[in-house]
Every structure is written in C-alpha cells, then in structure tokens.
Amino acid sequence: MTSLLDNLNPEQLAAVTLPPQPALILAGAGSGKTRVLTTRIAWLISTGQTTPHGLLAVTFTNKAAREMLARLSAMLPINTRGMWIGTFHGLCNRLLRAHYRDAGLPETFQILDSADQLAAIKRLLKALNVDDEKYPPRDLQHFINGNKEAGVRADAAEAWDDWTRKKVALYAEYERQCQKEGVVDFAELLLRAYELLTRNEPLRAHYQSRFRHILVDEFQDTNRLQYLWLKLLAGHGGAEPAAVFAVGDDDQSIYAFRGADVGNMRDFEREFAVKSVIRLEQNYRSHGNILDAANAIIANNSRRLGKNLWTEAGAGEPIRLYEALTDMDEARWIVEEIQSLIRDGAARSDIALLYRSNAQSRVLEHQLFSTGIPYRVYGGLRFFERQEIKHALAYLRLIANADDDTAFARVVNFPTRGIGARSLELLADSARTYNTSLYATVPHLAGRPAASLAVFVRLIEDMRQATRDLPLPEVIDHVLEHSGLRAHYRAEREGEERLANLDELLNAGANFISEAEDPTLTGFLAHASLEAGEHQADAGQEAIQLMTVHAAKGLEFDAVFLTGVEEGLFPHENSIQETDGLEEERRLMYVAVTRARKRLYLTLAQSRMLHGQTRYSLKSRFIDEIPPQLIKWLTPRQAAARYYEPSQESAHRTPPRASSVPSRDLGGFRIGQLVRHAKFGEGVIVSAEGSGGDAKVQINFGGAHGIKWLMLAMAKLEAA
DNA sequence: CTGGTACCAATTTTT
DNA sequence: TTGGTACCAG
C-alpha cells in the first residue's frame, strides 16, 4: 500500500492524498501530472474511500484515457473495464446510450464527426435555398458549435440583427434536421447529456450519489459546457457535492481557438471555494537551461496563476540558435545537424522537428527525403476519416439507422448507380414535404428516378436482412462485398491501398468486438466517430518525428528543433489581431520549449517561400525573451547580419533569386534589407514600388507595427 | 456523370 | 506554391 506513494515528491504526495474536497492541481510541464492523477485514483480505491464504480475521470483524448487505464491496471489488481474513465464525449455517449429514451434519441442514434456535420449543414442550406455566399457553411458550423458549447440552444440564442437572426433560425432548422435523422454532432453529445441530467431529477440524483470523486485532466482545455457539465454532475451547491480533483496548467492552454476557456480554472477556484491549490513545479524532463528559458518566456504573460519550473538535473547544454538565409538553408542545416546527432548515437525517434503551421513541413520533408533519413509526419488524415472508410461506414450506418440522411447522401450514388443530382433534388424536396428522411421518402416517389432509388433502398434492406445475426466482422465483410465498394476499388487504377484499408476495417471490427464493452454495430459506429484513429501511433518507430507544436503537447524528445521562429510565423501574424492572441502564442512557445529533454534548437530563416512568394522576416520576439546567456548562436554574428547588405562579407554570396527581383533605384536600399526607422524601429524591406523620388517601400516591422508602406523619400531609413 | 479548368484562400485541431 | 472547391463541356 505505501509502495503506491513511494517516490512521490512532497507536492505530488500532498495532491494524491488530499481529503475529499475540491482541489486544483497546477501541474507544470513534465511534473508528473498523469502519475499524480492515476496514483490519486489508486490511492482512493486502495484506502477504501471509493470503489472503481464510484469515481469518474475525464480526459480530452482517447490516448490520455487509455494511458490512465493502463497505468491504473498496473498499480491495482482491479478490472478497469466498466469504470467511468474516458473522454468527455465518450462518457456522454455512454450516458446517452444508457438513457436514450429519456434523452429523446433513437436507440441507434449516430454520431456525426465534423466533416459529416459540415455535409449536413450544406444539405440543409441547399434544401432551404439559402445563399451560401452570405451564410458560408463553415461559418454556420462554427456558429452552431459555439452556441452549443456555451450551452445555448437555438431558442435561447440572442440576435441583435437580421443576419444573426437568420443564423439562429438556421441553427434551429439544423437541430430539427438532426433530430429527425436521429444523429448528434460532437457538441450535441455534451449538450444533450447536460440537458438530460438537468431535466431528469432522479437520474441526476443517481449519478450524483454514485460519483463521489470526479477527476479532470487538462482542465485548462475545458470549454464552458464541459465546465457546466462537471458542475452539475458534481452536485455543486447541493448538500453533498462530489470531490472534484482538477489537474491542469494555465500556461499550456493553447486551444482557445476551439472554445477552451482558461477562465474555467479561476471560476472553479472561486465557485467551488477551492482551498487546496497545489503547484507541481519540479520538472523531471528537461535540463535547467531549457526550463530557465521556458520560465523567462512565459513570465511575459499577464493573468497567470503563477508557477516556476525547476529541476534537480543540471543546467545542461545551452539553447542553440541558428539563423539561416532561406527556408531551404534552414532545412539543409537541420538535416546535417540531425545526421551528426545520429552519428553520436541518438535514436531517430528521440528527435523532433516542430513547426507552428503544417505548411512548413514540406521543405523539411523534402530535405529529409533526399538525404534518405526516415521520418514520420503527424497530422494527416486518420484511418476513420479516409474516403473509402467513410463510405463503408455510411453503408453500415444506413443499416443501423436508415434515417441518417448524411450517410444516405454519401453513398446513394457511390459506387455510381445512375442516381444524379436531379433525382436527389426531387427526393429532397419530397422529403421536406412529407417531413421524412430521404430513405423513408423513396417509396413516396414516382417516375423513373424512383426506380433506381428503390433499387438502392432494396439493396440496403437486403443487406440489413442478410447481416441481422452475423458477428460484426462478417457484417462488415458482407457490406463491403454487396455494396459494390470492393468491386469499385478493384477496378480503380490506384485502388490497392483503399482495398487494403477496407480489409483493415475488418480487423478494426474484429478488434472492437474482442475489447469493447458494447460489441454491437452501433457501438462500433460510435467508436469510429469518437476515435477516428491515432495521430500519434507508431511512436516507437525509428524515424524523425515531424509535427506542429500543438500536436507535440504532452510529448517529449531528447532533441527538439523548433523551426521558423520568426515574427509573423511564430507568433503567427493572425494572432496579433486576436484578443489575447499573443499570449496564447507565447504559451504555445512555452509548450514547444518544454518538449525538449536535453537539447533545444531554435532555427529561423531570413527569407522563406510562403504562398508562392518570398517573405522576409525578423527573428521572433520570443527569442528576445530568452536570457541571452542561455543561448549559443551557431550562426556567426556577422552572418546573422543580413546577406543582402552591401558589405564585403556578403559580396561573394549569391543572393537567392536576385535575378527575379526587379532592379529599382531605391536609394541604395534593397528588398530584404534590414533597416531602421526612427519611429517603428527595425524592419525588413519586403517589397517596393516605383523608383527614384517616387519609390515606396513595404517594410515588415514585426508584430508591434506590422507591415507598412512608406515613401522612401520621407521615411529617413538607415541601414540597421 | 466524368474530367478539365478557373478561381480562391492560405494557423493551430480533439471529439 | 498548393490544395480544395465550384462550375462547365463532353
């Protein structure tokens, strides 16, 4: 029993053994957060304070939930199956399945992923003849999800102008459509579960008395609705509220753009009158210099809950900084450095290349590829998002729930069976008149298109009959064969991979029934929506790891190359306009830096190809926020000066694409040159117009002043 | 219904 | 530059 608590540091121990009361654990990067969370659960159970049945633990990703379960089984000889440990969406799905009638849903309700939701919205706009220029489907999707995540239904949504009123009306129409089809989107899972518990007193009382302990991971990433859901489930304000154990790090909140609200941490502290705030600041991951840099960067943010990382490990190596001329040079240099790291015995999978935006990966990939270094890029399409898989799932969904119009529309003519846009329009109109689903409307239709539609409906009916009593993998196999999907991809020139993926779907089905708690077709379909597949699989593979900084959250590597550390890129130029955008970028920088265990490289390029044109940028302000003594410049100081400066040093260098820049009389200045302006400070000349006395130059001064056009004659520039 | 082409926009993303 | 989408001809 005590062995459970061995090797915890004092703060971790304090957190794990807190009495049952609201607690907020501020867990810094690499401070053993998951360990504290799982040990807390194990401790609660092994000391008899609760049973596996009496607690609920919630995470954001399936990966985190799985890891928690795995660690828990290693700590305690209990069967974790059936425990309420999972993602917000997974747990809400479970709740809604168990009480589908009370929630007003069909037993086999389907879950729309984001792409399905968008398709459903487009279909709705078409059916209602709405101008999708004025109401872009994407905006509407954002509007609907934003409202749902704030806990606001269409009938409660406020509108001050016609445009918003129309959006609210469309939101209401969308709700109706989903209800009719028996489908729920991701946000709906949460909102529906929340409303179920709000309205159904006995049910609420049941779960409130059952879950006496609620543990929340990554609390800083919760949105408003998730917070309300937790508050409700905890019985906050009641006589015997559950003990909510919230773990998070406000400095690692990087998902505000998708609704995460760090404010929930403060609200939690206040509303739950949290007495125990525990800071986990001892870091077990990185060397001192890296932590010092991270601390220094994040100290520039205001409104922090406050935290400073430290380590017992030594200072370690300095942070290496390399400034290249172009993005290609940057990539070339990185790859050379990687080769030398590998020569020195580094494992490829312990080296990561991080970037702010996905577009940056191309150059890096190109260089790695041509050098023959194995690499892996994270963040592409996931298994259940592939076209052929979505098609197969659509057939399965129709078998489970024929009213699912999104699934219907997806495969009614795939493989092609002569059902064109005309017929579908006709069908959709009819469906509107009868207020039935597309599928159910088919028998009402007359004429030629009706015949081919009827054949399709017949096909689905036959498949449903034939698979009624088959085990899941055989159901899938039957559908693949009889839908014509296999034949279609067999005939396609490059269909081999798709065929292989379809076979993989069979395996997924087989795995599912051997492991799942709900081994039904409906269960499998929910699984496919909620767990689209691993972005972060094959971590053990011997390859260099490439990913965005966002995707790297939670991971760690011996050596990290953070690339493109430039104004405009990181911090991203768009973020400057957003409220608190810069602070979120800084948190992102903090996350990036704290991924490194031993060695951190920051790299940047003076010019970079972006959107088909060359862009010139300055080094990121975040570099200036790192104490200079922690940094080792790998670029000689004079080389860090701009190559296009008319100095002897750079005279022998070939300015890239010099010939493509039209030569103009810019009074001795050149495009790309670093200059100083009396008021705006340092900047790079990005482009120019006119020449001689009329010459105007566009200068990128970085975030504070941005990009400006100036009359050369007036600006009194000097070379910096 | 397929294939071509013209146009546009272009962070970050889990469920 | 790239990728996605939207529209038109065959």
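To find a chain, count down the sequence lines: A is the first, B the second, and so on, and within it residues start at 1. Below, each value reflects all heavy atoms present in this structure, side chains not excepted, and no hydrogens, waters or symmetry copies. Just so it is clear, the structure is predicted and the values come from calculations on it, not from any experiment.
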Starting at [atom1] of [X] and ending at [atom2] of [N], how long is that distance when rounded to a whole Å?
{"X": "A/K63", "N": "B/dT13", "atom1": "NZ", "atom2": "C1'", "value": "15 Å"}
{"X": "A/H611", "N": "C/dG4", "atom1": "NE2", "atom2": "P", "value": "15 Å"}
{"X": "A/D261", "N": "B/dT14", "atom1": "CG", "atom2": "P", "value": "20 Å"}
{"X": "A/N223", "N": "B/dT13", "atom1": "CG", "atom2": "C1'", "value": "14 Å"}
{"X": "A/E385", "N": "B/dT15", "atom1": "CD", "atom2": "P", "value": "10 Å"}
{"X": "A/L582", "N": "B/dT11", "atom1": "CG", "atom2": "C1'", "value": "15 Å"}
{"X": "A/R417", "N": "B/dT2", "atom1": "CZ", "atom2": "C1'", "value": "17 Å"}
{"X": "A/H142", "N": "B/dT13", "atom1": "NE2", "atom2": "P", "value": "15 Å"}

Quick one: label [X] by what it contacts on the DNA or RNA (base, sugar-phosphate, nothing), any heavy atom closer than 4.0 Å.
{"X": "A/A187", "value": "nothing"}
{"X": "A/E585", "value": "base"}
{"X": "A/F60", "value": "sugar-phosphate"}
{"X": "A/N358", "value": "sugar-phosphate"}
{"X": "A/D221", "value": "nothing"}

Beyond-backbone contact of A/K148 with A/R153, side-chain heavy atoms, under 4.5 angstrom: yes
Side chain proximity check, A/E365 to A/V377, heavy atoms < 4.5 angstrom: yes
Parallel, tilted or perpendicular, as decided by the 30° and 60° cut-offs, for the rings of A/H99 and A/Y207: perpendicular
Base B/dT15 paired with A/S114 side chain (donor-acceptor, <3.5 Å): yes
Along DNA chain B (nearest heavy atom to each residue), the more 5'-positioned of A/N574 and A/G418: A/G418
A/S529 vs A/F257, nearer the 5' end of DNA chain B by closest nucleotide: A/F257
Under 3.5 Å: donor-acceptor pair, side chain of A/N147, backbone of A/I144: no
If you check the [X] side chain, which of [options] turns out closest?
{"X": "A/R362", "options": "C/dT2, B/dT13, B/dT2", "result": "C/dT2"}
{"X": "A/H550", "options": "B/dT14, B/dC1, B/dT12", "result": "B/dT12"}
{"X": "A/T416", "options": "B/dC1, B/dT15, B/dT12", "result": "B/dC1"}
{"X": "A/T548", "options": "B/dT12, B/dT11, B/dT15", "result": "B/dT12"}
{"X": "A/N62", "options": "B/dT15, C/dT2, B/dT2", "result": "B/dT15"}

Please measure how far the [atom1] atom in [N] lies from the corresponding atom in [M], and state the result in whole Å.
{"N": "B/dT14", "M": "C/dG3", "atom1": "C1'", "value": "23 Å"}
{"N": "C/dA6", "M": "B/dT11", "atom1": "C1'", "value": "25 Å"}
{"N": "B/dT13", "M": "C/dG4", "atom1": "P", "value": "16 Å"}

Do the side-chain N or O atoms of [X] get closer than 4.0 angstrom to the phosphate oxygens (OP1, OP2) of [N]?
{"X": "A/N93", "N": "B/dT15", "value": "no"}
{"X": "A/R615", "N": "C/dT1", "value": "no"}
{"X": "A/R382", "N": "B/dT15", "value": "yes"}

Test: A/R97 cationic atom under 6.0 Å from A/F109 six-membered ring centre, within 45° of axis: yes
Quiz item: cation-pi between A/R587 and A/Y590, 6.0 Å / 45°: no
Nucleotides 6-10 of chain C: which of its N/O atoms have a protein N/O under 3.5 Å away?
none

Aromatic ring of A/Y255 stacked on base six-ring of B/dT12, 5.5 Å, 30°: no
Pair A/F570 and A/Y355, ring centroids less than 6.0 Å apart: no
Contact summary for A/I111 and A/R397, nearest pair of heavy atoms: O-NH1, 4.2 Å
Partner set under side chain to side chain donor-acceptor pair (under 3.5 Å) for A/E585, not counting sequence neighbours: A/R356
